[in-house]
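Structure first, then comments.
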Amino acid sequence: MSIRLEQSFDAEASALWAILGQPERIDWVPGIESCVFDGKVRAFTLPGAGALKEEILLLDHDQRRIEYSCFESPIPLTLHQASMQVTDTEGGCHLVWETRIEPEKFEPFIVESMEGALQRLQTILVKTT
């Protein structure tokens with residue numbers, strides 16, 4: 001199952017990338033209590049749910065692209081690979097967030113989480129610009 005969400009922001013691409021390009025930054029991710037990033041793996045703590053671990057597969061600051069894969073989760077995912085790409089637009093920037101997951105039954109949960117994160121990103125960017 002593939003999920004693709006797109007969002008435009010009234011902020012410079014560099015401002016959005018300043019958030020997304022720091023794998024240890026969690027203020028934009030709903031439900032995350034803490035994060036430890038060792039340069040390759042980010043480990044999240046979810047209150048009442050346990051741990052979640054993602055491997056950062058690509059972190060390209062020039063292209064403003066991050067790719068990651070979840071390999072430990074409180075829900076039994078057999079596949080989770082995602083990418084985020086930030087591009088400049090006239091008057092702002094655009095984010096394309098793609099996620100592949102299996103099993104498909106977790107798609108509504110993943111979409112809800114992604115949509116919540118997009119809302120938080122919008123709030124943070126409004127406060128900083």
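Given the structure is predicted, the values throughout are model-derived calculations rather than measurements.
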Test of understanding: clusters of I, L, V, M, F, W, Y form through side-chain heavy atoms closer than 4.5 Å, transitively. Do I3 and L79 belong to the same one? no

Using 0.5 Å steps for rounding, measure from the CG atom of L57 to the CD atom of E67. 6.5 Å

Looking at residues at least two apart in the chain, or sitting in another chain, which of them share a side chain to side chain donor-acceptor pair (under 3.5 Å) with D60? none

Among residues at least two apart in sequence or on other chains, which ones pass side chain to side chain donor-acceptor pair (under 3.5 Å) with W28? none

Let's go through L95 and L121 carefully: what are the C-alpha distance in whole Å and the side-chain angles of both, what is the deciding distance for side chain to side chain contact (heavy atoms under 4.5 Å, CB included) to 0.1 Å, and is it a yes or a no? CA-CA 11 Å; L95 171 64; L121 283 169; 4.2 Å; yes

Just by modelled atom types, is the A18 backbone N or O under 3.5 Å from a matching donor or acceptor in the Q22 side chain? yes

Given side chain to side chain contact (heavy atoms under 4.5 Å, CB included), test I110 with T99 step by step and report yes or no. CA-CA 9 Å; I110 299 295; T99 304; 4.3 Å; yes

Step by step, work out the side chain to side chain contact (heavy atoms under 4.5 Å, CB included) result for L52 and F71. CA-CA 8 Å; L52 180 110; F71 64 90; over 6 Å; no

Identify the heavy atoms of G116 and P30 that sit nearest to each other, and give their distance. C-CG, 3.6 Å

By side-chain contact (heavy atoms from CB on, under 4.5 Å), which residues pair with S2, not counting sequence neighbours? R100

What verdict does the side chain to side chain contact (heavy atoms under 4.5 Å, CB included) test give for T89 and F9, after you've listed the backbone C-alpha separation in whole Å, the side-chain angles of each residue and the deciding distance to 0.1 Å? CA-CA 9 Å; T89 62; F9 296 93; over 6 Å; no

Rounded to the nearest 0.5 Å, the CD1 atom of I66 sits from the CD1 atom of I56 at a distance of 4.0 Å

Go through the structure and list residues passing side-chain contact (heavy atoms from CB on, under 4.5 Å) with S8, not counting sequence neighbours. H94

Is there a path of hydrophobic side-chain contacts, each under 4.5 Å between heavy atoms, that joins V96 and W17? no

Distance-only criterion, 3.5 Å: show the donor-acceptor pairs between side-chain atoms of residues 32-45 and protein atoms not counting sequence neighbours.
{"residue": "S34", "atom": "OG", "partner": "T45", "partner atom": "OG1", "Å": "3.1"}
{"residue": "D38", "atom": "OD1", "partner": "K40", "partner atom": "N", "Å": "2.8"}
{"residue": "D38", "atom": "OD1", "partner": "V41", "partner atom": "N", "Å": "2.7"}
{"residue": "K40", "atom": "NZ", "partner": "E55", "partner atom": "OE2", "Å": "3.4"}
{"residue": "R42", "atom": "NE", "partner": "E54", "partner atom": "OE1", "Å": "2.7"}
{"residue": "R42", "atom": "NH1", "partner": "P23", "partner atom": "O", "Å": "3.2"}
{"residue": "R42", "atom": "NH2", "partner": "E54", "partner atom": "OE1", "Å": "3.0"}

Please tell me if the side chains of T78 and P103 come closer than 4.5 Å, counting only heavy atoms from C-beta onward. yes

Does E102 have any salt bridge (charged side-chain N to carboxylate O under 4.0 Å, His left out) partners at least two apart in sequence or in another chain, and if so, which? none

Single-linkage hydrophobic cluster, 4.5 Å side-chain cutoff, I75 and V111 together: yes

Output all residues satisfying salt bridge (charged side-chain N to carboxylate O under 4.0 Å, His left out) with R120, sequence neighbours left out; order by chain, then residue number. none

Any residue meeting salt bridge (charged side-chain N to carboxylate O under 4.0 Å, His left out) with D88, in chain and number order, not counting sequence neighbours: R64

Under the side chain to side chain donor-acceptor pair (under 3.5 Å) rule, collect the residues that match up with Q85, sequence neighbours excluded. R65

How long is the straight-line distance from NE2 of H80 back to OH of Y68, given to the nearest 0.5 Å? 5.0 Å

Do M1 and M84 sit in the same hydrophobic cluster, where Ile, Leu, Val, Met, Phe, Trp and Tyr count as joined when their side-chain heavy atoms come under 4.5 Å apart? yes

How many angstroms lie between atom CD1 of I101 and atom NZ of K105, to the nearest 0.5 angstrom? 11.0 Å

Looking at every non-hydrogen atom in both residues, tell me the closest pair between A51 and P74 and how far apart they are. O-CD, 3.2 Å

Only counting residues at least two apart or in another chain, list the ones meeting salt bridge (charged side-chain N to carboxylate O under 4.0 Å, His left out) with E107. none

